[in-house]
Amino acid sequence: DQQVKQNSPSLSVQEGRISILNCDYTNSMFDYFLWYKKYPAEGPTFLISISSIKDKNEDGRFTVFLNKSAKHLSLHIVPSQPGDSAVYFCAASAYQGAQKLVFGQGTRLTINP
Amino acid sequence: KAGVTQTPRYLIKTRGQQVTLSCSPISGHRSVSWYQQTPGQGLQFLFEYFSETQRNKGNFPGRFSGRQFSNSRSEMNVSTLELGDSALYLCASSSGSTYEQFFGPGTRLTVL
């Protein structure tokens with residue numbers, strides 16, 4: 001039972017354009033969502049997060065949007081840069097298990113020059 | 001501030017052996033979580049320790065165990081290794097009162 005899903009295994013975007021990565025979840029108990037970026041042979045790097053009481057959170061080039069009714073969140077990267085090429089993971093947590101993150105399968109983002 | 005460190009970075013074992021992996025969290029962080037990453041199952045939560053006590057546990061067999069020391073450093077042990085235990089084992093630290101976790105580089109375990 002995959003509670004967090006990233007349906008696009010890969011995404012290719014032109015440098016300078018917007019990258020949009022999507023994530024869906026099924027567990028309505030999730031109340032906090034995080035995005036991580038991962039390079040090969042390294043651990044995931046925390047990017048940005050959002051609480052379920054918000055619908056948007058912004059940090060520099062990164063913005064996360066949350067649609068609770070649709071159980072959907074997305075990460076927007078504007079403008080996309082070559083260094084953004086990596087695997088992006090969406091993760092979710094429920095209050096009762098705050099340190100137990102449930103991850104999606106990841107989306108490999110490739111930024112083309 | 002130094003990040004999360006994990007040792008060793010790479011490990012090769014044979015079936016039936018046991019292995020111990022180590023994790024040092026970010027200074028001041030009291031929570032340490034362990035995750036297993038495999039191509040087929042993705043990133044899966046193993047367990048979390050906070051102030052030397054296991055606070056959360058994932059759906060892994062009892063062969064997987066851990067502990068945390070008074071300085072917040074943590075170890076993970078896998079006994080009677082199976083081929084399917086080959087994976088990247090990631091440790092993450094947190095203050096324990098926030099959701100954000102910060103990951104180490106991982107230990108790549110290969111079971112032959």
Side-chain angles (χ1 to χ4, degrees), chain A residues 1-10 23-27 29-54 57 59 62 64 66 73 86-108, chain B residues 3-10 21 23-26 29-51 53-60 66 68 72 74 87-108:
Chain A
D1 174 29
Q2 204 170 342
Q3 299 184 65
V4 178
K5 297 180 187 179
Q6 293 176 256
N7 292 318
S8 298
S10 63
C23 178
D24 297 296
Y25 62 97
T26 56
N27 189 341
M29 297 299 292
F30 288 145
D31 64 353
Y32 206 82
F33 304 89
L34 307 91
W35 284 94
Y36 285 85
K37 169 177 160 179
K38 188 177 185 303
Y39 294 117
E42 292 184 15
T45 302
F46 170 71
L47 275 176
I48 192 169
S49 59
I50 188 167
S51 163
S52 61
I53 63 173
K54 295 185 174 182
N57 190 26
D59 184 1
F62 302 93
V64 57
L66 175 63
L73 63 155
V87 178
Y88 288 77
F89 290 94
C90 165
S93 182
Y95 178 79
Q96 283 79 8
Q99 303 303 318
K100 178 181 176 180
L101 295 179
V102 179
F103 283 85
Q105 292 293 92
T107 295
R108 181 177 300 280
Chain B
V4 178
T5 58
Q6 291 187 245
T7 56
R9 292 293 311 275
Y10 302 91
L21 312 181
C23 171
S24 292
I26 291 170
H29 282 186
R30 296 167 64 191
S31 168
V32 173
S33 298
W34 288 89
Y35 293 82
Q36 180 197 65
Q37 185 183 23
T38 59
Q41 299 297 318
L43 270 156
Q44 293 190 291
F45 174 80
L46 279 154
F47 32 65
E48 182 230 353
Y49 285 86
F50 180 82
S51 293
T53 301
Q54 188 180 86
R55 193 164 66 165
N56 286 291
K57 190 176 187 304
N59 297 324
F60 278 82
Q68 187 180 34
S72 293
S74 177
L88 180 67
Y89 289 89
L90 291 157
C91 164
S93 84
S94 165
S95 66
S97 57
T98 65
Y99 287 91
E100 287 82 1
Q101 296 180 27
F102 300 89
F103 284 82
T107 295
R108 171 73 61 186

Region of B/L90 that comes under 4.5 Å of a non-hydrogen atom in chain A: side chain

Segment of B/Q41 engaging chain A (4.5 angstrom heavy-atom cut-off): backbone

A/Y39: ring pair (Phe, Tyr, Trp, His ring centres under 6.0 Å) partners, not counting sequence neighbours: none

Stepwise side-chain contact (heavy atoms from CB on, under 4.5 Å) check, B/F47 with B/Q68: CA-CA 11 Å; B/F47 32 65; B/Q68 187 180 34; over 6 Å; no

Region of B/Y35 that comes under 4.5 Å of a non-hydrogen atom in chain A: side chain

Partner set under ring pair (Phe, Tyr, Trp, His ring centres under 6.0 Å) for A/F33, not counting sequence neighbours: A/Y25

Chain B contact residues among residues 44-52 of chain A, heavy-atom distance under 4.5 Å: A/P44, A/F46, A/S49

Chain A contact via B/R108 - which portion, at a heavy-atom distance below 4.5 Å: neither

A/Y32: ring pair (Phe, Tyr, Trp, His ring centres under 6.0 Å) partners, not counting sequence neighbours: B/Y99

Proximal component of B/L88, with respect to chain A [non-hydrogen, under 4.5 Å]: side chain

B/A87 to B/Q37 - nearest heavy-atom pair and separation: CB-O, 3.4 Å

Donor-acceptor under 3.5 Å (A/T107 side chain, A/S8 main chain): yes

Whether B/H29 and B/F102 hold their rings parallel, tilted or perpendicular, with breakpoints at 30° and 60°: tilted

Nearest atoms (heavy-atom pairs only) where A/L101 meets A/S93: CD2-CB, 3.8 Å

Chain A contact via B/E100 - side chain, backbone, both or neither, heavy atoms under 4.5 Å: both

Within-4.5 Å side-chain heavy-atom neighbours: A/V64 and A/F62: no

Contacting moiety of A/E42, where chain B heavy atoms sit under 4.5 Å: backbone

